[in-house]
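Quick note: numbers below take in every heavy atom, side chains included, and nothing from hydrogens, waters or symmetry partners. Since this is a predicted model, take the numbers as computed values, not measurements. Chain letters run A, B, ... following the sequence lines, proteins first and then strands; every chain starts at 1.
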Protein chains: 2
Amino acid sequence: MAGDPSDVLTGRLGYLLKHTQLALTAAVARALEPFGLDGRELAVLAVLAAEYPLSQLAAAERLGVDRTTMVALVDVLEDKGFVERRRSPEDRRKNIVELTEAGRDTLEKAERARGEVEREFLAPLGKGGAVKLVAALRALVG
Amino acid sequence: MAGDPSDVLTGRLGYLLKHTQLALTAAVARALEPFGLDGRELAVLAVLAAEYPLSQLAAAERLGVDRTTMVALVDVLEDKGFVERRRSPEDRRKNIVELTEAGRDTLEKAERARGEVEREFLAPLGKGGAVKLVAALRALVG
DNA sequence: TATTGTTATACTCTATAACTATA
DNA sequence: TATAGTTATAGAGTATAACAATA
């Protein structure tokens, strides 16, 4: 009645999601290393590129992170030269976070690398299986 | 060229996996609250029930956690009365971690609650979709 | 010498509270 | 008064190093 030791864990959805995510995060981190970014920082750049202008708070909300977390994230990206803080003329309380030329360039290249890694990661599922997995995850959370 | 703001994140596999996992973890935690457990602790109980005897180190390896992490995990479960440490007679360096009666009882009930939550969580995918998602994740990591 | 469990310590990630400047 | 950004701080979660007991 105890269950098969070999799948007591792999039968758990939580375990599967966690370890799938860990494996992907590691693979993405390796692929992005040449660009001096991790996946989370790349997501910040992508959010900033997709919508303009975006204040720190607005960007944080899009990303689902706390505004204090966003401060550190922008600090890092600014140190790396990928973004710049600019005071909003309309509301001087706000920082508009702007991609630099290097930021845009790195975003484009790093996004391509991320796409490749994701495709490799999902390769075991076949083309159709990969598409279905993404669709399923979007249905659950997107 | 920047991409649609609405799916710059939901098009990222890492984001989808992370947020799916966060949502499930929260749902499982809520469901297990009456049992005084979280999903990770329940996984420990399940591993211990599936294979016996298991030392702390062996259990930690099954779970993929550090042995120092395992110490704290067993401490908590022991405080809650779900497991007991027993010195191995064959090798007195080892702690055999044993489920108590309360541990076995709680394991059974909590596993049922976890199963229900997972089914509800996956309900938007339909029966077939849910089975396929789990199969896909197992193919990627299991 | 090597292994198991333990403790102390540190590091990452994140959130809460309090401060500042602006509105 | 309320909001945006910042800082300080604290809480999880986890890993590394060192130690005690045992092999």
> List in chain and number order the residues that pass side chain to side chain donor-acceptor pair (under 3.5 Å) with B:E118, two or more places apart in sequence or in another chain; answer none if no residue qualifies.
B:R114

> Looking at A:R112 and A:E108, is any side-chain nitrogen of the basic one under 4.0 Å from a carboxylate oxygen of the acidic one?
yes

> Just jot down the side chain to side chain donor-acceptor pair (under 3.5 Å) partners of A:R86, sequence neighbours excluded, or say none.
A:Y52, A:E98

> Please report, rounded to the nearest Å, how far the C1' atom of D:dT3 is from the CZ atom of A:R87.
12 Å

> Under 4.0 Å between a side-chain nitrogen and a carboxylate oxygen: does that hold for B:R85 and B:D75?
yes

> What distance do A:D38 atom CG and A:R30 atom CZ have between them, rounded to the nearest 0.5 Å?
14.0 Å

> Check this for me: A:E84, atom CD, are more than 12 non-hydrogen atoms of other residues, nucleotides or ligands nearer than 6.0 Å?
no

> Who are the side chain to side chain contact (heavy atoms under 4.5 Å, CB included) partners of B:V44, not counting sequence neighbours?
B:L48, B:L63, B:M70, B:L73, B:L77

> So which one's nearest nucleotide on DNA chain C is more toward 5', A:R92 or B:L57?
B:L57

> Let me know the distance between CG of B:D38 and P of D:dG13, rounded to the nearest Å.
7 Å

> What are the 5'-most and 3'-most nucleotides of DNA chain C lying under 4.0 Å from any heavy atom of chain A?
C:dT14 to C:dA23

> Between B:E90 (CD) and D:dA21 (C1'), how many Å, whole number?
18 Å

> Could you give the CG-to-P distance, from A:D91 to D:dG5, as a whole number of Å?
9 Å

> Does anything in residues 64-85 of chain A reach DNA chain C, meaning a heavy atom under 4.0 Å, and if so which residues?
A:D66, A:R67, A:T68, A:T69

> Verify the contact: side-chain N or O of B:R40 to OP1 or OP2 of D:dT14, cut-off strictly under 4.0 Å; return yes or no.
yes

> Identify each donor-acceptor pair in which a side-chain atom of residues 123-142 of chain A lies under 3.5 Å from a protein atom, sequence neighbours left out, and give them as a table.
| unit_1 | atom_1 | unit_2 | atom_2 | d |
| --- | --- | --- | --- | --- |
| A:R138 | NH2 | B:T10 | OG1 | 3.3 |

